[in-house]
Amino acid sequence: MTIRLLPPVLVNRIAAGEVIERPAAAVKELVENAIDAGASRIDITLKDGGQALIAVVDNGTGMTPDELGLAVERHCTSKLPDDDLLRIAALGFRGEALPSIGAVSRMRIVSRPPSSDSAWEIIVEAGQKSAPAPVGHAPGTRVEVRDLFFATPARLKFLKTPRTERELAVDAVRRLAMAYPATSFTVIGDDERVLLRLAASAEPGMAIARRVRLAQLLGRDFADNSVEIDAARGGFRLSGLIGLPTLNRVLPRDQYLVVNGRPVRDKLLVGAVRGAYQDVLARDRHPIVALFLDGPPAEIDVNVHPAKAEVRFRDAALIRGLIVGALRNALAAAGHRASSTVAAATVAAFRPGDGTSLVSTPRLAFPQPPAAPSLALAETANDFLRPAPTMAPPPIETRLGAARAQLHGTYILAETATGIVLVDQHAAHERLVYERMKEALAARGVARQALLLPEVVELDEAGAARLAARADELAEWGDALSLRERIETVCGTLACHTSVRAGRRLSPAEMDALLRQMEATPNSGQCNHGRPTYVALDLTDIERLFGRR
């Protein structure tokens with residue numbers, strides 16, 4: 001067969017298959033163009049999930065007639081002033097989005113620069129463009145995409161239902177909105193239904209503005225049950241909010257990662273987040289995080305994916321270490337704090353529903369006068385109780401209060417100054433034992449013994465080169481993160497099997513000792529599997545249950 005040059009329309013349709021695989025991808029590209037144009041207001045309209053109509057209107061810089069004609073040609077862009085692909089500062093830079101969309105749809109673009117007296121319109125249908133013509137329009141740009149994929153009907157059968165496609169498109173806008181709180185976003189669906197409305201933040205600082213925007217997008221529960229991240233290393237800065245371990249999801253869809261203002265789905269970043277939560281969350285649960293990573297553009301390659309959904313870092317280990325370290329430090333600083341949603345769910349469970357009581361009569365183990373051993377971890381793995389001098393009963397003004405009873409040999413009931421606390425003794429002690437093991441490892445390392453005969457590890461040339469290249473990095477951190485994570489997994493298993501079991505009767509002093517250790521131990525609000533170790537109920541919540549409020 002003879003080699004030939006493909007027609008431009010076919011080339012654009014091939015590109016559309018890589019860049020525009022569904023309506024959400026078209027929405028993402030058009031909204032990114034609006035952000036790059038400096039828009040402070042972006043309005044999106046979706047009909048039939050975006051297949052019938054996608055309209056994006058902004059108040060950005062607009063385009064002249066000559067620029068309109070170039071904008072729908074392949075590889076025409078204003079976002080690479082120095083033609084330097086190593087220092088990309090804009091969201092869109094390839095000049096592929098508009099010609100790719102126009103190749104598979106009926107597209108109309110109307111644009112007007114703020115300094116111009118009139119707007120201009122251009123129409124592209126299945127890759128064929130018209131000459132720019134004058135029309136009336138406010139300053140800014142309006143892009144209408146109708147009948148998406150009508151020119152490539154085979155792609156239509158790969159689309160999901162209109163509702164699913166609409167949700168994916170809205171999610172694309174949400175991810176961009178997180179990174180740009182100074183811009184207002186509105187998404188309108190079928191029957192003029194408002195799918196998303198976010199006002200531009202007037203807060204003076206980016207950190208506060210992002211917190212407000214994240215509360216709008218992820219809900220008040222996330223805002224109230226998250227900790228702030230702010231860390232730097234090697235020219236990179238990591239900021240944002242991460243949810244407490246007890247505020248988690250079955251799927252990782254509520255993990256938002258933004259690199260230099262670009263929402264991405266990067267395996268390195270997702271893996272680092274999982275590593276940071278490894279010892280506070282079960283493997284089948286996922287945290288809620290919104291992280292913003294900013295660094296030198298020359299150290300980040302954003303040109304590795306057709307849809308710009310992934311990035312590559314020159315020093316991937318640096319980024320992983322920054323994320324894991326920052327998140328672990330923030331979670332440790334949160335102490336024994338647990339999500340307030342745990343208490344809310346508990347109150348909801350006690351509310352009468354079908355008339356059947358949800359509360360059975362517990363077996364109460366009331367405080368008795370015997371001696372007072374503490375729950376301090378001994379040197380041997382199976383010796384949990386070490387005698388200690390008798391101490392005065394703790395006041396209820398402490399964070400977790402004073403133990404009043406043991407329920408079903410499993411739960412500790414404590415009284416605080418403002419309510420009550422119910423503690424799962426096994427989950428709580430499991431966390432205490434685990435944290436003690438981690439402290440011991442940090443202080444003394446893993447116990448080891450020299451082999452009588454050395455074990456020779458053979459590596460091929462490539463493997464030896466990789467190890468040598470990371471020698472300085474391993475020396476800085478002391479060990480590899482993957483090895484550390486595996487050791488922590490073993491410690492977590494040991495902690496689970498060697499902790500105070502459910503059903504074990506504890507003396508009043510033992511229960512109070514457990515509460516005091518929880519107050520002084522990081523991450524004690526959840527066990528190693530991410531389950532809450534205690535539930536705190538305010539007196540006002542209890543009074544509501546009995547109709548006193």
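No hydrogens, no waters, no symmetry mates; every other heavy atom, side chains included, goes into these values. Given the structure is predicted, the values throughout are model-derived calculations rather than measurements.
- For Arg210 and Phe292, the positive end sits near the middle of the six-membered ring, less than 6.0 Å away and at most 45° from its axis.
- Between the CG atom of Asp424 and the CD1 atom of Ile412 there is a distance of 9.0 Å, given to the nearest 0.5 Å.
- Residues meeting the salt bridge (charged side-chain N to carboxylate O under 4.0 Å, His left out) test with Arg466, sequence neighbours left out: none.
- Remark: Ser524 OG to Glu430 CD distance equals 13.0 Å, nearest 0.5 Å.
- When the salt bridge (charged side-chain N to carboxylate O under 4.0 Å, His left out) test is applied to Asp266, no partner is found at least two apart in sequence or on another chain.
- For the atom pair CG (Leu539) and CD1 (Ile420), the distance works out to 9.0 Å, reported to the nearest 0.5 Å.
- With values rounded to the nearest 0.5 angstrom, Asp230 atom CG is found 12.5 Å from Asn329 atom CG.
- For the side chain to side chain contact (heavy atoms under 4.5 Å, CB included) with Leu291, the lone residue among Leu269, Val258, Val273 that qualifies is Val273.
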Run Glu415 and Arg404 through salt bridge (Lys or Arg N to Asp or Glu O under 4.0 Å) and show every step you take.
CA-CA 7 Å; Glu415 179 187 4; Arg404 296 299 186 224; 2.9 Å; yes

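- With sequence neighbours excluded, the residues forming a salt bridge (charged side-chain N to carboxylate O under 4.0 Å, His left out) with Glu228 are Arg211, listed by chain and number.
- Judged as a side-chain hydrogen bond (donor to acceptor under 3.5 Å, both in side chains), and not counting sequence neighbours, the contacts of Gln216 are Arg213.
- With sequence neighbours excluded, the residues satisfying side-chain hydrogen bond (donor to acceptor under 3.5 Å, both in side chains) with Asn248 are Arg285.
- Checking Ile288, Leu214, Val227 one by one against Leu241, the side chain to side chain contact (heavy atoms under 4.5 Å, CB included) holds for a single residue, Leu214.
- For Thr418, there are no side-chain hydrogen bond (donor to acceptor under 3.5 Å, both in side chains) partners, not counting sequence neighbours.
- Note that CG of Leu176 and CD1 of Ile35 are 4.5 Å apart. Values are rounded to the nearest 0.5 Å.
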